Amino acid sequence: MWDEVTERDLKYMREALREAEAAGAAGDVPVGAIVVLGDRIVGRGRNERELTGDPLAHAEIVALRAAAAELGHWRLDEAELFVTLEPCPMCAGAIVQSRLRSLTYGTPDARGGAARSLFRICDDPRTHHRVDVRNGILAEESASLLTEFFRSKRKPRP
């Protein structure tokens, strides 16, 4: 299982938070993701659905595509993904399909999370590949970005 949270974990989650902040500043839901191989960031992603009009442009998908392009292959079996929000079913499936070694996410998604909250796609024993999953690293910071973003989108009440 997982040991305590390390400085390395915090470093990469902070990078994911920077991506999330950039997504929010661009008008997208503030979710950010980083793919790490060894001690090198090989992929970065942020939500870009509003920016690109692409329904698949979730932070995780953008980061996985960038990592695959950087490495020249789709198998990311030694790589780790750090993301600010628990992945949805589509992203959890992509994480399994890319053969990632591990997933670390900040805050859970009680209504759409597919790594722990609603489903356990990433480490389901019925799948051909299982990903080590842990959560809660910089969870408050991740949740705060989302809360503030949606609060700013709500219309003020008279």
Side-chain angles (χ1 to χ4, degrees), residues 9-37 40-76 79-124 127 131 133-158:
D9 298 326
L10 295 172
K11 171 185 171 181
Y12 291 124
M13 280 303 293
R14 286 185 190 112
E15 286 293 322
L17 280 165
R18 279 192 264 289
E19 293 294 329
E21 289 166 353
D28 269 285
V29 176
V31 178
I34 300 292
V35 179
V36 177
L37 183 61
R40 182 169 71 109
I41 295 173
V42 295
R44 293 177 176 272
R46 63 181 75 136
N47 273 358
E48 296 180 352
R49 292 189 309 169
E50 297 300 327
L51 179 68
T52 64
D54 180 356
L56 306 181
H58 288 205
E60 300 93 326
I61 301 295
V62 173
L64 291 171
R65 285 178 173 158
E70 171 71 17
L71 298 172
H73 54 86
W74 65 269
R75 286 184 181 268
L76 305 175
E80 305 166 84
L81 178 69
F82 292 81
V83 62
T84 57
L85 178 65
E86 180 180 5
C88 72
M90 174 184 71
C91 292
I95 288 164
V96 171
Q97 290 299 317
S98 65
R99 312 292 201 274
L100 282 172
R101 181 171 59 120
S102 69
L103 162 67
T104 301
Y105 66 89
T107 193
D109 183 353
R111 295 188 296 169
R116 289 288 181 268
S117 296
L118 294 179
F119 307 104
R120 294 181 68 107
I121 292 172
C122 293
D123 59 358
D124 189 313
T127 62
V131 178
V133 177
R134 64 182 172 158
N135 63 358
I137 297 176
L138 299 181
E140 289 179 23
E141 293 86 336
S142 298
S144 177
L145 277 176
L146 291 160
T147 300
E148 290 305 314
F149 176 81
F150 287 114
R151 183 176 290 142
S152 74
K153 295 293 182 188
R154 286 189 210 112
K155 294 180 181 174
R157 295 179 186 211

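Here the structure is a predicted model, which means the values were calculated and not measured. Computed over heavy atoms, backbone and side chain alike; hydrogens, waters and symmetry mates excluded.
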Side chain to side chain contact (heavy atoms under 4.5 Å, CB included) assessment of Thr104 paired with Leu81:
CA-CA 6 Å; Thr104 301; Leu81 178 69; over 6 Å; no
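- Rounding to the nearest 0.5 Å places SG of Cys88 at 10.5 Å from CZ of Phe119.
- Of all heavy-atom pairs between Leu85 and Pro108, the closest is CD1-O, 3.9 Å.
- A side-chain donor-acceptor contact under 3.5 Å links Thr52 to the backbone of Glu48.
- In terms of heavy-atom proximity, Val131 sits nearest to Leu103 at CG1-N, 3.6 Å.
- Screening residues 10-20 for salt bridge (charged side-chain N to carboxylate O under 4.0 Å, His left out) gives Glu15-Arg18, Glu15-Arg44, Glu19-Arg44, Glu19-Arg46 as the qualifying pairs, with residues at least two apart or on separate chains.
- A salt bridge links Arg116 with Asp123: at least one charged nitrogen is closer than 4.0 Å to a carboxylate oxygen.
- Applying the salt bridge (charged side-chain N to carboxylate O under 4.0 Å, His left out) test to residues at least two apart or on different chains, the pairs with a partner in residues 90-107 are Glu80-Arg101.
- In this structure, CZ in Arg134 is found 6.0 Å from CZ in Phe82, a value given to the nearest 0.5 Å.
- The closest donor-acceptor contact from the side chain of Asp28 to the backbone of Leu51 lies under 3.5 Å.
- The heavy-atom pair separating Leu146 from Pro30 by the smallest distance is CD2-O, 3.8 Å.
- Scanning all heavy atoms of the two residues, the minimum distance from Ala115 to Tyr105 falls at CB-CE2, 3.8 Å.
- Scanning for side-chain contact (heavy atoms from CB on, under 4.5 Å) contacts around Ala79 gives Val35, Leu37, Leu76, Leu100, with sequence neighbours left out.
- The two residues Ala59 and Ala33 have their closest heavy-atom pair at O-CB, 3.7 Å.
- His58 places no side-chain N or O within 3.5 Å of a backbone atom of Glu60 that could act as its donor or acceptor partner.
- Checking side-chain atoms of Thr84 against main-chain N and O of Gly32 turns up a donor-acceptor pair under 3.5 Å.
- With Asn47 contributing its side chain and Val29 its backbone, the two residues share a donor-acceptor pair below 3.5 Å.
- The distance from atom CD1 of Ile61 to atom CZ of Arg49, rounded to the nearest 0.5 Å, is 11.5 Å.
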Quick one: do Leu118 and Arg111 satisfy side chain to side chain contact (heavy atoms under 4.5 Å, CB included)? Show the steps, please.
CA-CA 7 Å; Leu118 294 179; Arg111 295 188 296 169; 5.6 Å; no
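- From Tyr12, atom OH reaches atom CG of Leu17 across 15.0 Å, with rounding to the nearest 0.5 Å.
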Going through the distances and angles, do Glu141 and Leu145 end up as a side chain to side chain contact (heavy atoms under 4.5 Å, CB included)?
CA-CA 6 Å; Glu141 293 86 336; Leu145 277 176; over 6 Å; no
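- Val133 and Cys122 get closest at one heavy-atom pair: CG2-CB, 3.6 Å.
- The structure places CG of Leu64 at 8.0 Å from SG of Cys91, a figure rounded to the nearest 0.5 Å.
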